[in-house]
**Q** 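Structure below; questions to follow.
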Amino acid sequence: MPTDANDRWFELAAQFAVPELVSHTFSCEVARGQLRQATWANSDAIVLVDQVDDASALAHVLPVSVEPGVRNSESLVVDELESPLPSALAIWPRQGHWIPFAALDNLLETLGPTLLAIVETAGRTLSEPHESSPEPGSGAARAIDQLFDAVGAMELAPRFELDSNTANSSRLDLDLEIVMDALGVNQSRAMDIVMGSEPLSVEEAETLADATGTSAADIMQAVRPLPADLCRELQEPRWRRGIRRRAVGGDEAAGRMRLGYDIYQLAARQSGAGRDIWRQRLEALMATESD
Amino acid sequence: MRDVFSSLIAKFATIRARESVDDLVQGFFVAKGKSYVTAVLAASDDAAARRITYAWATNWLVDEARKLPFGALRNRIEKRLERSNLFSPSSAAHHWYLTGGEDEGRSVPVSDLEAAAAATQVAVRTEPSGKVVLGAPGELEELLHRLLDLAGRLHVAEITVICGNRFPLALQQRDASLSVVNTEWEVIEDTRESDVSVFETATRIRSERIAAGIVPMLTEKEKAVIRHRGDMDRLAEVLACSRSSAYTAAARLRERLQELAGAEPNSHEIMTAVVELVLDEAGTVPSLHSDREDERAN
């Protein structure tokens, strides 16, 4: 928001009794019935999580609009009194998409079982159109197009893939001093590189190859893949803030990997694995960071 | 918020002439305020809040612009085109071209047409009766002549909206029959029901015009992504890359199109038009393809 919008903001806050929408606790996993903000590649939408494929970190989501008048003959309208958000909702039960968790963000609210059942029924049966569609080219028609387009674009967010580098990597037999000199890094990072717990860019691997006579491919191979449980845990939207802080130029896939190796290195001297342990470690790290 | 509206109404000249930014902001909040607060509070970050604000404000401004009396202005301009022997009706319905010239459209950037309109001298005055008089004799014809000289032929709706942006006064009153281009004209029946269709037609043509300028800027790889974006396996095959690289390429293309069309209020329509033009190029409609190539070559 531009700076002078802040004044407007405070005026609004007084006018509308602005609700606390976004919960910043780490407790919520992606689940059916959640209304979440979703964002990917400059597209934004509110979505209703309809089904979850937990192993693949995919959610089947329905587009939702809170904008007045943005509805058509295919939408199901939850009026303001029934809505868990402070506005009426229009939901499109037949415009569902499977999108990666990587596109999901803040949890806003959760729909109750009664409403969910209605949405589900509306998705299966073709009811009589009860709303007329907005005129083509009108603001509402444009908003619907933009919403569908945004949710469609979210299918392109990076999907959960286990690290393909499963070759049995061995520790690099390199002198710590040489690594520090060649890459201009401190001893701690040099140690992580030698231990294979620090990802290297192709350029860094080539520089190191020139200085040591080891092939760049061998150096890249020596980086140990992140544990599967950690990779999966990193797909959860609750870590997205930490990922964004590490995303250079908006590259969240790289930011996610960076966060993964940050945690992996911190855990080097700890025992225990499994998603719960990784989650606790991530929570501890996030608690030390602020926006 | 004022910033958002200030930058947006540069694209809505007709509205800019009628209402102050503060009035517009207030109008927007009256219509959308509460839900807008919900949407912005839900946003992931400041950048997302900004995108949401732009999208909501633009769609609201489009609705405001659609309410303007373009239909009456179109009638004025159509009459003026009919009465002058400088202009001839095209074989394509509702299009006009210069008498003696070729009845053929050219791909001209919208900005060139707007610049030509802005550069033409047209005196605007309001009579005591409230009538708005646009132009001394011959001045409007000069403007129309310059537009058609650039574009080859134009749809009357596109001319109307270009003129509406050039002389927002002509749309000042809801009863546009009061604003006459030449006081010697008889009063023509107002046709309000066509206001929206004039605006819509002009917007569609404008999107296609901008899209035609974007297509030559795309690489062959980007065009391939457009052609196969519905089928990731096929796209990966065409690009000779992995499925996940194909997803990345599709996401990049989307960002690139947003970059190219994003500054326009109707960026979504422009992107759709770009996709259609590229699909046409693929050879499914060869005649259209060659037509467009000719247009671009001119």
Side-chain angles (χ1 to χ4, degrees), chain A residues 1-5 7-9 11-13 15-16 18-22 35-44 46 65-70 80 85-88 100 105-106 108 135-143 145-146 149-150 153 155-159 161 240-241 244 250 253 291, chain B residues 1-4 7 25 29 31-53 55-56 58-64 66 196-197 199-201 203-204 229 232 243-244 246-252 254-255 258-259 262 265-269 271-272:
Chain A
M1 296 292 293
T3 6
D4 69 336
D7 299 338
R8 173 68 55 180
W9 212 232
E11 284 169 34
L12 268 174
Q15 232 175 316
F16 294 122
V18 176
E20 175 80 23
L21 265 188
V22 176
L35 285 167
R36 280 189 180 263
Q37 181 71 24
T39 298
W40 184 253
N42 294 336
S43 299
D44 311 282
I46 296 177
S65 176
V66 294
E67 192 170 347
V70 177
E80 199 177 326
L85 292 179
S87 324
D105 208 327
N106 299 330
L108 308 176
E135 280 179 52
S138 64
R142 292 162 51 98
D145 280 352
Q146 287 158 0
D149 194 51
E155 284 184 332
L156 302 177
R159 285 168 186 244
E161 282 173 357
R240 204 158 171 197
R241 274 166 186 271
R244 281 223 192 87
D291 285 313
Chain B
M1 202 65 195
R2 287 193 86 257
D3 277 3
V4 173
S7 71
V25 171
F29 275 103
K32 307 269 183 183
K34 193 171 169 183
S35 309
Y36 167 72
V37 174
T38 306
V40 164
L41 284 179
S44 307
D45 54 19
D46 288 356
R50 201 175 166 77
R51 286 194 295 270
I52 290 167
T53 304
W56 281 49
T58 304
N59 291 344
W60 182 75
L61 284 170
V62 165
D63 278 342
E64 291 299 293
R66 283 162 55 93
V196 165
S197 75
F199 185 75
E200 261 341 289
T201 308
T203 307
R204 183 176 45 76
R229 70 200 173 120
M232 283 297 155
R243 236 177 101 86
S244 71
Y247 273 104
T248 310
R252 288 240 172 84
R254 201 185 140 73
E255 282 167 24
Q258 280 174 335
E259 218 172 86
N266 50 338
S267 57
H268 188 261
E269 291 91 324
M271 290 197 275
T272 310

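Numbered from 1 within each chain, the chains take letters A, B, ... in sequence-line order.
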**Q** Given heavy-atom pairs under 4.5 angstrom as the criterion, report whether the side chain, backbone, both or neither of B:Ala31 touches chain A.
**A** backbone

**Q** Do you know which of A:Ala157, A:Ser138, A:Ala88 has the most heavy-atom pairs under 4.5 Å to chain B?
**A** A:Ser138

**Q** Heavy-atom pairs under 4.5 Å with chain B are the metric here; pick the option from A:Ala141, A:Ala143, A:Gly139 that has the most.
**A** A:Gly139

**Q** Drop me the distance from B:Ile52's CD1 to A:Asp44's CG, to the nearest 0.5 angstrom.
**A** 4.5 Å

**Q** Given that the side chain runs from C-beta out, which part of B:Glu269 has a heavy atom under 4.5 Å from chain A: side chain, backbone, both or neither?
**A** side chain

**Q** Any idea which of A:Glu135, A:Gln37, A:Glu67 has the most non-hydrogen atom pairs under 4.5 angstrom with chain B?
**A** A:Glu67

**Q** Less than 4.5 Å to any heavy atom of chain A: does that hold for the side chain of B:Ser44, its backbone, both, or neither?
**A** both

**Q** Going by side-chain contact (heavy atoms from CB on, under 4.5 Å), A:Asn42 matches just one of B:Glu259, B:Arg51, B:Arg254. Which one?
**A** B:Arg51

**Q** More than 12 heavy atoms of other residues, nucleotides or ligands under 6.0 Å from CZ of A:Arg159: is that the case?
**A** yes

**Q** Below 4.5 Å, heavy atoms only, C-beta onward: do A:Glu80 and B:Lys34 meet side chain to side chain?
**A** yes

**Q** Determine whether B:Asp45 and A:Arg241 make a side-chain contact, defined as any pair of heavy atoms from C-beta on separated by less than 4.5 Å.
**A** no

**Q** Do A:Leu156 and B:Met232 come close enough that some side-chain heavy atom pair is under 4.5 Å?
**A** yes

**Q** What distance do B:Lys32 atom NZ and A:Ser87 atom OG have between them, rounded to the nearest 0.5 Å?
**A** 11.5 Å

**Q** Between the side chains of B:Asp63 and A:Arg142, is the shortest nitrogen-to-carboxylate-oxygen separation below 4.0 Å, so that they form an ion pair?
**A** no

**Q** Are side-chain N/O atoms of B:Asn59 and A:Gln146 paired as donor and acceptor at under 3.5 Å?
**A** yes

**Q** Could you tell me whether the side chain of B:Ser35 and the main chain of A:Val66 form a donor-acceptor pair under 3.5 Å?
**A** yes

**Q** A:Arg244 versus chain B, heavy atoms under 4.5 Å apart: side chain, backbone, both or neither?
**A** side chain

**Q** Please report the closest heavy-atom contact between A:Ile46 and B:Ala42, naming both atoms and the distance.
**A** CD1-CB, 4.4 Å

